[in-house]
Amino acid sequence: MTDFEFWQKIKEMGQITYDWWYPTIALPALIWALSILFLAIFAARKIKKVHNRFLTLFLSTIPVLLIFPSAYIASALKSALNRVGYSMPANVNDFARNDAIVLGNYLNTFGLWGVLGITLTLPLLLNSLSRSEVPVISPAIRNATKTITNIATRAFGRRGGAGGGGRINAPFGSVTINNGSRKGSIEALRPDFTIGSKGDIQVSDVIVSRTHAKFVLEENQIAVVDLGSTNGTFLVRDGQGFMLDGQPVPLEHGDMLYLGDPNQDNAVEMLFEFNTGA
C-alpha cells in the first residue's frame, strides 16, 4: 500500500477534514514557522528586559511545536503510523474501515494544530520585523507602521497644546515630545497618568508599550516609574543617563525622558519642564 493509496483511502473512509493540509502544506508550513523562530531570535537581541525576551522566544516556538507533528506525518508516514501502534497494510484492500476512522481522528487533530500554528505566525512575524534590523524588509515594516500610527495619532490622539506652541495649565509640570509620531506636542502631567500607545498620554510609536510608564506623586513632587515596558524607560539628567528599574524617580526641570534606549533612532524623547505656560 503506497502513501498515495493511504491518503485516498483515509479520505474515503476516515472522514478526514484536513486531507489538503498534509500533502502540500505541512512541510512548507514547518519551514515557515522555523524561519519566524529564527527571525524572533534575531529580533530578541533588541529586547532589554530578560523576561520579555524569553516570552518572545517562547511564543515564537509554539507554532513550530504545533506544526511539527503534521509535518512529520507528511514526510515519514509509515514511521508516524508505527508510533501510534499501526502498521500500514501491504494491500489497500486490507485497510479496515475502523482503522481509517481512528487514524482520521488523529490526523484531524494534528491538522488542526498545524493550521492554528501557521495562523499564529502572522502576528509573530509582524512583531519580529518591527524590532529587527533585517535589510529592506524591516525598515519597510517600520515605515509603514510609523505612517499608520502618525495618522491614528493625528486623528485620535490627545493633544496638550496647539502644535506645541499653545499655553497649557501644568501645575505638576509638562513634557514636550521632541520626536516620533507626537513630535511638538506638549502634555500637562497629572498624578497617575500613564503614557503609552493605550495610556492617558497616547504615544503610538512602535517602540512604545501599551502602558509604558506612569507619572506618580512622591512627596508633592511628580515622579516617573517604568511599568515593565518592553524597551525600557530612560532618564538623562546633566548628561548622565540611566534606565528606570520600576521604582519612582522624582523629576527635575530640564530632565530628558526616553521611551526606549536613547541610543536607538526610534526612541521617543521628551523634555520635562515645570509649569510650562502656566
**Report entry** Residue list, ring pair (Phe, Tyr, Trp, His ring centres under 6.0 Å) with Y22, at least two apart or on another chain
**Finding:**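 Here the qualifying residues are W7.
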
Query - Donor-acceptor contact below 3.5 Å, side chain S204 vs main chain S197 - result: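 It does not hold such a pair.
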
Query raised in the report: Does any N or O in the side chain of T211 come within less than 3.5 Å of the main-chain N or O of G196, such that one atom is a donor and the other an acceptor?
Result: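 Pair absent, no side-chain N/O of T211 close to backbone of G196.
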
Would you please name every residue forming a side-chain contact (heavy atoms from CB on, under 4.5 Å) with [X], sequence neighbours left out?
X	value
N91	N93, D94
T233	H212, A213, D226, S229, L244, L259
Q8	F4
S87	N82

Requested in this report: Taking salt bridge (charged side-chain N to carboxylate O under 4.0 Å, His left out) as the test, write out the residues that go with K78, two or more places apart.
Outcome: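 Here the qualifying residues are D3.
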
Report task. List in chain and number order the residues that pass salt bridge (charged side-chain N to carboxylate O under 4.0 Å, His left out) with D192, two or more places apart in sequence or in another chain; answer none if no residue qualifies. Result ->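 Partners of D192 under the salt bridge (charged side-chain N to carboxylate O under 4.0 Å, His left out) test: K214.
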
Report task. List for me each residue that meets side chain to side chain donor-acceptor pair (under 3.5 Å) alongside N179, sequence neighbours excluded, and say none if there are none. Result ->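 None.
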
Query raised in the report: What pairs with S70 under side chain to side chain donor-acceptor pair (under 3.5 Å), at least two apart in sequence or on another chain?
Result: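 With neighbours one apart ignored, the set is W21.
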
Query raised in the report: How are the rings of F274 and F272 set to each other: parallel, tilted or perpendicular (split at 30° and 60°)?
Result: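 If you compare the ring of F274 with that of F272, the planes turn out perpendicular.
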
Query raised in the report: Do any pairs count as a salt bridge (charged side-chain N to carboxylate O under 4.0 Å, His left out) and have a residue in residues 242-258, sequence neighbours left out, and if so which ones?
Result: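 Sorted result for residues 242-258: R237-E252, R237-D255.
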
Could you list the donor-acceptor pairs under 3.5 angstrom formed between side-chain atoms of residues 23-44 and any protein atom two or more places apart in sequence or on another chain?
unit_1: W32; atom_1: NE1; unit_2: T121; atom_2: OG1; d: 2.9
unit_1: S35; atom_1: OG; unit_2: I31; atom_2: O; d: 2.9

Query raised in the report: Could you give all pairs that pass the ring-ring contact (aromatic ring centres under 6.0 Å, His included) test and reach residues 62-117, with sequence neighbours left out?
Result: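 Those involving residues 62-117 are F6-F95, F110-W113.
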
Query - Among M256, E187, R182, side-chain contact (heavy atoms from CB on, under 4.5 Å) partner for V175 - result: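 Option passing the side-chain contact (heavy atoms from CB on, under 4.5 Å) with V175: E187.
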
